[in-house]
Amino acid sequence: MNKHLNELIELSKIDQAIDSYNPQLEAADKKVAKVQKKIDTAQAELDELTSAIADNEEKVKSFEEQLTLLNEQLASNVKKAKEITTEKEMKALSLEEDIAKEKMTFANEEIERLQAINETKTALLDEANEKVDALSADLNKIMEEVSAEKAEIEKSKGELFVKREELSRNIEQKVLSFYEKIRAWAGNTAVVPVKKQACYGCYMKLNDKTYSEVIKGDEIVNCPHCGRILYIEKVTEEA
Ligand SMILES: [Zn+2]
C-alpha cells in the first residue's frame, strides 16, 4: 500500500484515539457539576432560611422595643392619673391606656407568632446545614475521583500526542497539510474505510473505478462525493 496512505491511516487513528477521551472528560466534568448544582440549591435554601430568621428576629426586637416604650407610657400614665382633675382628662387618659394595651397585646402576639415561625425555620436550617455538609463531602470525594480519572486520561493523551508528534515528523509536509485540510472540516473522519463499496464518511456508494483504485491502494484516493481519504481495511486487521 501507498506509504503516505499508511501514514495517514495511522495518524488518523491516533487523532481518533486522542479525541475519544473527550466524552470521558466531559462526563467527569458533568459529574462534578451535578453535585455542585445540588450544593448551590441547598446553599440557596440555607441562605434564604438564614435571612428569614434574621428578619424575624429583627421584627421581634422592634416589637420588644415597642413594648418597652408602651410600658413606660403606661407607667407615666399612672403618674398622670394622680394629677387629673377633670373627667374629660380622665377619659382621654383611659383611652390612651386602652390603645397602649391593645398595642401591647398585638406586639406580644406577634412576638409569639414570629418566634414559633423561627423555631420551625431553625429546625429546617439545621437540616439544610446537614445537607450542605453532606453534599460538600460528596463533592470532595467526587472531585478526588475525577481528578485522578482526568490525570490518567491526560497521561494517556500525552503519550498519544508524543506518538502523533513522532509520526507526523516523518510524514511529508505536503501530505500532512492535505490531511489537516480535510480534518479541518471532517474532524476525526478525515480518513475513512470503504465498506460494501461505500465511503464510511458520507455513506455514498463509490463507482467501480474509484473502488478499484482504493483496493489497489497505489495512490491516495479521495471520496468523489465528500472528499475524505479512503482506504480498504486489511482483512488481517479486521480479524
Ligand atoms: Zn464520502
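Each ligand, and each atom within it, is numbered from 1 in the order the structure gives. Positions are given from 1, in the same order as the sequence printed here.
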Worksheet item: Asn207: what forms a side chain to side chain donor-acceptor pair (under 3.5 Å) with it, not counting sequence neighbours?
Response: Thr210

Worksheet item: Between His225 (side chain) and Tyr203 (backbone), is there a donor-acceptor pair under 3.5 Å?
Response: no

Worksheet entry | Minimum heavy-atom distance Ile220-Ile229, with the two atoms named | CG2-CG2, 3.8 Å

Worksheet entry | 2.8 Å cut-off (strict), protein N, O or S atoms about the Zn ion (ligand 1) | 4

Item to complete: Could you pull out all residues at least two apart from Asp138 that satisfy side chain to side chain donor-acceptor pair (under 3.5 Å)?
Response: none

Discussion item. Taking the side chain as everything from C-beta on, heavy atoms only, tell me whether Glu96 gets closer than 4.5 Å to Leu93.
Written reply: yes

Let me check something: any side-chain donor-acceptor pairs from residues 169-194 under 3.5 Å, sequence neighbours excluded? List them with distances.
| from | atom 1 | to | atom 2 | distance (Å) |
| --- | --- | --- | --- | --- |
| Asn170 | ND2 | Glu166 | O | 3.3 |
| Ser177 | OG | Gln173 | O | 3.1 |
| Ser177 | OG | Lys174 | O | 3.2 |
| Tyr179 | OH | Asp15 | OD2 | 2.6 |
| Glu180 | OE2 | Arg164 | NH2 | 3.0 |
| Arg183 | NH1 | Asn188 | OD1 | 2.7 |
| Asn188 | ND2 | Asp19 | OD2 | 2.6 |
| Thr189 | OG1 | Ala186 | O | 2.8 |
| Thr189 | OG1 | Arg228 | NE | 3.0 |
| Thr189 | OG1 | Arg228 | NH2 | 3.2 |

